[in-house]
Protein chains: 2
Amino acid sequence: MSATLAADEALARRRCAGEQVLSLASGEIGLPVLPALRDRLAAAADRNSYGSVSGSPALRSAVAGYWERRNLPVDPALVVCGPGSKPLLFALLLAIGGDVVVPVPSWVSYAAQARLAGARPIPVPTLPGEGGVPDPAALGEAVALARAAGRNPRCVVVTLPDNPTGTVAAPGTVERLARAARDLDLVIVSDEIYCDLVFDPADRAVSPAAFAPERTVVTTGLTKNLALGGWRFGVARLPDGPLGREVHTRLVGIASQIWSSTAAPVQAAAAHAFGEPPEVVAYVAAARRLHEAVVRTVAERFTAVGAELSPVRATCYLYPDFEPLREHLAGAHAVHGGEALATLLAERYGVGVLPGTAFGEPEHSLRIRVATSRLYGETDAERFEALAAADPTRLPWIKASSDRITEVLTDLAGPGRPTP
Amino acid sequence: MSATLAADEALARRRCAGEQVLSLASGEIGLPVLPALRDRLAAAADRNSYGSVSGSPALRSAVAGYWERRNLPVDPALVVCGPGSKPLLFALLLAIGGDVVVPVPSWVSYAAQARLAGARPIPVPTLPGEGGVPDPAALGEAVALARAAGRNPRCVVVTLPDNPTGTVAAPGTVERLARAARDLDLVIVSDEIYCDLVFDPADRAVSPAAFAPERTVVTTGLTKNLALGGWRFGVARLPDGPLGREVHTRLVGIASQIWSSTAAPVQAAAAHAFGEPPEVVAYVAAARRLHEAVVRTVAERFTAVGAELSPVRATCYLYPDFEPLREHLAGAHAVHGGEALATLLAERYGVGVLPGTAFGEPEHSLRIRVATSRLYGETDAERFEALAAADPTRLPWIKASSDRITEVLTDLAGPGRPTP
């Protein structure tokens with residue numbers, strides 16, 4: 001079971017039982033549907049044809065325009081949509097075949113999907129402050145070792161910007177990763193679902209497709225920038241050239257056998273979204289500002305009690321490391337690793353987070369992933385107000401949550417620690 | 001690539017190029033969305049939460065009611081929904097593991113999905129006029145042979161009523177299959193997506209879950225009875241007891257890693273549909289009458305030129321065998337097998353059908369699958385008229401298609417054959 005979804009369901013049960021809970025586990029974006037997109041979906045409710053496996057021509061053309069505006073032009077014939085980027089990633093692993101290099105830490109599902117696809121994940125650490133991209137210098141050795149052991153690494157997954165760390169690998173690192181992948185003949189699967197959620201325009205994530213266009217598959221969706229996880233929609237951009245066309249043919253074949261096509265009404269609304277009319281651009285910009293304000297406020301609460309933290313530059317995640325508090329956590333709480341820390345936070349304080357082990361970290365690591373995207377309000381009215389607020393951290397419901405985080409962390413860290 | 005979807009896309013290209021085509025390949029139901037369901041989907045367009053992996057409580061409870069009314073009561077906790085019954089079937093094969101017994105002939109995707117899941121299909125023939133259920137007497141030997149060869153058969157797939165033959169296995173055959181599966185310790189995956197499309201109430205398909213409740217998983221969806229293929233919605237009913245709960249846990253885990261959850265607006269409309277309010281019951285009844293009238297008319301055209309055909313008792317499919325015309329087809333058209341026959345029909349006459357090889361038949365077989373569900377009209381107005389008509393076969397657009405079928409078959413069969 002996906003760790004994110006499991007934690008989410010467990011917390012929902014506690015909430016239903018009347019407990020006070022703070023949901024920082026799931027990265028689901030707690031924002032309302034943009035009315036223009038809601039109306040597009042409603043207007044397309046009479047569409048009941050399967051249509052093309054890869055998506056309607058209108059949808060694929062809108063998606064190609066979206067990528068072209070990000071300096072990644074693509075023939076719409078090489079765009080494939082699916083019921084989420086998750087099934088597309090799984091089908092890509094099947095289509096490419098062989099074993100899969102995954103960064104450590106990385107999103108909970110890459111390694112699990114590799115195993116379901118009959119492959120084995122090959123973990124490679126990331127560079128400090130540059131999550132999502134395996135250290136290019138370590139990639140060669142890991143792949144050589146795997147090949148010497150008779151395994152068959154065929155692709156490397158990267159996340160740009162990164163979940164769980166909220167960081168963005170530098171363009172130079174991405175370029176070196178792309179070059180290493182070319183030298184090693186690996187396909188690059190670049191999960192760029194957070195690409196519109198980088199806070200500073202100067203920080204913009206650069207895709208490996210800019211450096212190794214012949215071997216980079218890019219995926220994205222509507223789940224993160226437009227808060228439409230429950231609509232289930234994702235897209236993949238296949239590379240041009242013989243390798244890309246071969247992977248495309250296999251991907252479409254696999255998609256036809258696993259999910260046939262993507263819900264037609266959702267495709268209609270997605271075509272509108274990927275066309276990026278002004279109301280969509282404005283919504284994404286407002287959401288990005290909101291994520292930045294809240295995730296940075298919450299990050300400060302963690303650094304205030306002494307947790308280590310790379311500056312968050314994108315997404316709605318932070319990935320604090322409680323290593324500096326190891327001795328205190330062991331003595332005061334008998335906590336020696338991330339899972340025990342997450343359990344303590346859930347059971348004593350009703351605070352849901354994910355342990356680093358869910359992202360491939362060793363059990364003794366005291367890293368946890370904190371998602372702040374559920375703090376924007378309980379009702380659509382509160383959430384719209386949060387989107388529009390000049391300083392959302394001063395809204396009473398958001399302030400109550402961040403104050404509660406301070407309270408919990410101060411109690412956790414003990415009296416010897418500074419209070420913010 | 002799924003043979004159905006590939007044939008469908010090829011025919012769509014010919015149609016776009018201005019050719020006169022008759023689409024008898026895809027089993028997509030060419031009927032409009034029931035307005036009450038369209039309105040439910042539209043009203044739920046603001047739902048953007050992932051929700052539970054297995055589906056919302058309201059949806060699962062409605063589905064449990066649907067099955068209870070068919071003498072298959074189930075705890076809603078053992079209902080799992082997905083974006084189509086196709087992904088559920090794939091995830092079930094992964095969850096159960098091992099090799100998969102499939103009937104011959106059977107739906108194009110079972111064997112392909114087994115291969116994608118890393119398993120191997122074990123083909124077992126069906127009894128004459130009772131498609132969809134492997135001959136119970138042959139099952140034991142096939143499984144014993146596979147086990148002796150070191151393979152690990154763990155489940156058997158059945159289709160009730162059947163695609164491609166439009167027949168319904170007799171309750172006695174289903175009971176013997178269920179007993180054999182129990183003796184062999186196989187899980188039964190029973191695809192019952194056509195269960196509401198049996199023409200004569202006395203013929204009603206009996207599920208193997210009636211005979212081996214502890215080991216039968218049942219799947220269905222909205223694609224066939226309510227013509228909602230393009231909405232992508234399916235459900236699975238897991239057996240009660242330790243085996244069922246184990247498969248359920250694995251299935252939900254796999255679903256969480258491959259597709260997360262099912263589009264929330266679609267779930268809302270599906271909950272209404274599975275509640276079976278009067279307008280839904282009336283729509284399904286009207287569609288069933290329409291399928292019966294048209295598929296029987298078309299079947300007569302095939303028997304008129306001498307093709308062999310089991311009486312069609314459900315669905316919108318017929319599966320004629322041109323074996324009696326083998327000599328003529330070889331002499332007049334150099335056609336020696338089903339693929340050449342399907343190609344001839346497509347290229348000379350613009351008639352799309354699927355060859356028996358797509359359903360696991362040997363290449364020399366002269367069987368083809370003919371789907372009549374695309375003949376109901378080109379516009380929603382025509383399609384609603386077809387649903388309401390006392391005798392839809394007299395509607396000009398349906399009559400034109402069946403006349404064209406007669407014309408094509410008469411030309412194919414040559415002057416020596418009787419004309420209807």
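Residue numbers begin at 1 in each chain, while the letters A, B, ... track the order of the sequences.
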Checklist entry - Which residues from residues 52-60 of chain A are near chain B, with near meaning under 4.5 Å between non-hydrogen atoms? => result A:Ser52, A:Val53

Next on the checklist: I need the A:Trp259 CH2 to B:Lys86 NZ distance, nearest 0.5 Å.
Outcome noted: 11.0 Å

Checklist entry - How about A:Leu116 and B:Gln257: do any of their side-chain heavy atoms sit closer than 4.5 Å? => result yes

Next on the checklist: If you count heavy-atom pairs within less than 4.5 Å of chain B, which of A:Gly30, A:Ala45, A:Ala42 leads?
Outcome noted: A:Ala45

Checklist entry - What's the shortest heavy-atom distance between A:Arg232 and B:Ala263, and which atoms? => result CG-N, 3.6 Å

Next on the checklist: Using heavy-atom distances under 4.5 Å, tell me whether A:Leu94 contacts chain B through its side chain, its backbone, both, or neither.
Outcome noted: side chain

Checklist entry - Got more than 12 heavy atoms from elsewhere within 6.0 Å of CZ, B:Arg120? => result no

Item to check | Residue part contacting chain B, namely of A:Thr262, when any heavy atom lies under 4.5 Å | outcome: backbone

Checklist outcome for this item: Most contact-rich option vs chain A, by heavy-atom pairs under 4.5 angstrom, among B:Ser49, B:Ala112, B:Gly234, B:Gly118, is B:Ser49

Checklist entry - Should B:Asp46 and A:Pro32 count as side-chain neighbours, where that means a heavy-atom distance under 4.5 Å? => result no

Next on the checklist: If we ignore hydrogens and angles and just use 3.5 Å, is the side chain of A:Asn48 paired with the main-chain N or O of B:Ala227 as donor and acceptor?
Outcome noted: yes

Checklist entry - What pairs meet the salt bridge (Lys or Arg N to Asp or Glu O under 4.0 Å) rule with one or both residues in residues 28-41 of chain B, with sequence neighbours excluded? => result B:Glu28-B:Arg374

Checklist entry - Based on non-hydrogen pairs under 4.5 Å, which of A:Ser261, A:Ala264, A:Ala44, A:Ala117 is most in contact with chain B? => result A:Ser261

Checklist outcome for this item: Rounded to the nearest 0.5 Å, the CD1 atom of B:Ile29 sits from the OH atom of A:Tyr50 at a distance of 7.5 Å

Next on the checklist: Main chain of B:Gly230, side chain of A:Arg47: is a donor-acceptor contact present, judged purely on distance under 3.5 Å?
Outcome noted: no

Next on the checklist: Is A:Leu31 in contact with chain B via its backbone, its side chain, both, or neither, using a 4.5 Å heavy-atom distance?
Outcome noted: backbone

